[in-house]
Amino acid sequence: MTFLSVYRALSKQYGPQHWWPGDTPFEVMVGAVLTQNTAWSNVEKAITSLKQAKSLTAKKIAAMPAPTLAELIRSAGYFNVKAKRLQNFCNWFLQQGGESALRQWDDASLRHGLLSVNGVGHETADDMMLYAFERPVFVIDAYTRRLFSRLELVTGEEGYEVLRHSFETELSKKIIPGDEQVTLYNEYHALIVIHAKDVCRKKPRCSECCLRRQCPAAE
DNA sequence: GTCCAGGGTTCGT
DNA sequence: ACGAACCATGGA
């Protein structure tokens with residue numbers, strides 16, 4: 001079994017996901033911060049509320065008082081922390097000249113810049129890299145770790161960067177053009193999340209999640 | 001009432 | 001580099 005065969009099995013079972021749901025790249029970035037440890041349905045409410053307040057722009061978010069922003073994103077949980085994180089991010093974003101300026105940056109610089117923002121860690125930065133800036137970065141999250149350690153393709157003890165690197169080197173062997181690479185990473189991460197959700201829906205609150213047995217790639 | 005979510009990020013050691 | 005502490009809503 002390989003990373004690629006797991007992808008093919010998931011893809012066959014669930015079909016294309018075309019993530020990330022969001023009208024604009026900026027909305028995707030906001031969603032990446034808001035979804036930290038939070039059910040996506042709660043994030044959607046917060047984004048709707050920002051839109052309703054006509055405040056889903058970097059300038060508006062950066063300019064409003066933190067408590068006001070916190071109230072708007074209340075449904076996403078951790079609202080005080082996330083309000084501050086969102087403002088940190090928007091300030092940085094504006095300081096760099098906004099999206100069009102950031103698009104000119106090379107992958108490494110952009111990733112580094114995102115990580116320099118207080119409140120943006122590995123996964124949030126990589127969500128933004130992949131789903132807002134369409135850079136070839138494989139997102140590692142808790143599901144990814146759990147799934148692949150159950151499949152015994154990784155131990156689960158690896159650090160974030162190590163894991164990301166093994167996925168990227170393994171998957172880049174087979175796929176050639178850069179554009180395809182981004183599409184593959186995009187779909188793969190989405191499929192992992194969908195699969196985890198699917199399994200957990202069948203057997204709610206199963207701490208083991210039965211991923212190994214139910215994963216179509218495990219057979 | 002309890003568990004968990006597209007749990008991660010920060011900060012101390 | 002690793003572990004603890006922190007944050008807080010809403011659906012199942």
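The shown structure was predicted, so the numbers you read here are calculated from the model rather than taken from an experiment. First the proteins, then the strands, lettered A, B, ... as listed; each starts at 1.
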Novice: What is the distance from atom OG1 of Thr57(A) to atom CD of Glu27(A), rounded to the nearest 0.5 Å?
Specialist: 12.5 Å
Novice: Does the side chain of Leu69(A) reach to within under 4.5 Å of the side chain of Phe79(A), using non-hydrogen atoms?
Specialist: no
Novice: Using a heavy-atom cut-off of under 4.0 Å over every strand shown, decide if Lys82(A) touches base, sugar-phosphate, or nothing.
Specialist: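 Since no nucleic acid heavy atom lies under 4.0 Å of Lys82(A), the category is nothing.
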Novice: Measure from the side-chain heavy atoms of Trp40(A) and tell me the nearest of dG6(B), dT9(C), dT9(B).
Specialist: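 Of dG6(B), dT9(C), dT9(B), dG6(B) is nearest to the side chain of Trp40(A).
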Novice: Using heavy-atom distances to pick each residue's nearest nucleotide on DNA chain B, tell me which of Thr38(A) and Leu115(A) is more 5'.
Specialist: Thr38(A)
Novice: In this structure, which one of Leu115(A), Leu114(A), Val137(A) forms a side chain to side chain contact (heavy atoms under 4.5 Å, CB included) with Asp126(A)?
Specialist: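 Going through the options one by one, the only one that passes is Val137(A).
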Novice: Among the nucleotides dA8(C), dC11(B), dT9(C), which one has an atom lying closest to any side-chain atom of Asn37(A)?
Specialist: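 From the listed options, dA8(C) comes nearest.
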Novice: Report the distance from atom OH of Tyr14(A) to atom C1' of dG6(B), rounded to the nearest whole Å.
Specialist: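 Distance, rounded to whole Å: 15 Å.
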Novice: Counting side-chain heavy atoms from C-beta on, which of dT9(B), dG10(C), dA5(B) comes nearest to Tyr78(A)?
Specialist: dA5(B)
Novice: dG6(B) C1' sits how many Å from Tyr131(A) OH, rounded?
Specialist: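 That distance rounds to 9 Å.
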Novice: Looking for any heavy atom pair under 4.0 Å, which part of the strands does Val33(A) touch: base, sugar-phosphate only, or nothing?
Specialist: nothing
Novice: Does Lys51(A), at its NZ atom, have more than 12 non-hydrogen atoms belonging to other residues, nucleotides or ligands within less than 6.0 Å?
Specialist: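 Yes.
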Novice: Identify whether any heavy atom of Val43(A) sits under 4.0 Å from a base atom; if not, whether one sits that close to sugar-phosphate; answer base, sugar-phosphate or nothing.
Specialist: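 No contact.
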Novice: In whole Å, what is the span from the CZ atom of Phe79(A) to the P atom of dC6(C)?
Specialist: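 In whole Å, dC6(C) P lies 17 Å from Phe79(A) CZ.
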Novice: For His189(A), which contact category applies under a 4.0 Å heavy-atom criterion: base, sugar-phosphate, or nothing?
Specialist: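 His189(A): no heavy atom of the nucleic acid under 4.0 Å.
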Novice: Which nucleotide wins on minimum distance to the side chain of Ser75(A), given the candidates dT9(C), dG6(B), dT9(B)?
Specialist: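 In terms of side-chain proximity for Ser75(A), the closest of dT9(C), dG6(B), dT9(B) is dT9(C).
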Novice: What's the gap between dG6(B) and dA5(C) when it is taken at their C1' atoms, as a whole Å value?
Specialist: 23 Å
Novice: If you find the nucleotide of DNA chain B closest to Asp127(A) and the one closest to Gly119(A), which residue's nucleotide is nearer the 5' end?
Specialist: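 Whichever sits nearer the 5' end wins; that is Asp127(A).
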Novice: Quick one: Glu158(A) CD to dC2(C) P, roughly how many Å, whole number?
Specialist: 11 Å
Novice: Rounded to whole Å, please give me the gap between CG in Asn80(A) and C1' in dA8(C).
Specialist: 9 Å
Novice: Rounded off to whole Å, could you give me the NE2-to-P distance for the His122(A) and dA1(C) pair?
Specialist: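 Atom NE2 in His122(A) sits about 10 Å away from atom P in dA1(C).
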Novice: If you assign each of Ser41(A) and Val81(A) to its closest nucleotide in DNA chain C, which residue comes earlier from the 5' end?
Specialist: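 Residue closer to the 5' terminus by nearest nucleotide: Val81(A).
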Novice: Going by the angle between their ring planes, with limits at 30° and 60°, are His189(A) and Tyr131(A) parallel, tilted or perpendicular?
Specialist: tilted
Novice: Is the aromatic ring centre of Tyr143(A) closer than 5.5 Å to the centre of the six-membered base ring of dG7(B), with the two planes inclined by less than 30°?
Specialist: no
Novice: Heavy atoms only, 4.0 Å cut-off, all strands: where does Ala76(A) land among base, sugar-phosphate and nothing?
Specialist: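 Contact class for Ala76(A): none.
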Novice: So, does Asn118(A) get its side chain near the phosphate of dT10(B), meaning an N or O under 4.0 Å from OP1 or OP2?
Specialist: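 Yes, within the criterion.
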Novice: Could you give the CZ-to-P distance, from Arg164(A) to dG8(B), as a whole number of Å?
Specialist: 15 Å
Novice: Going by an N to O cut-off under 4.0 Å, is there a salt bridge joining Glu134(A) and Arg103(A)?
Specialist: yes
Novice: Name the nucleic acid region contacted by Asp141(A), choosing base, sugar-phosphate or nothing; use a 4.0 angstrom heavy-atom cut-off, strictly under.
Specialist: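 Contact class for Asp141(A): sugar-phosphate only.
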Novice: Nearest-Å distance, NZ (Lys84(A)) to P (dT10(B))?
Specialist: 13 Å
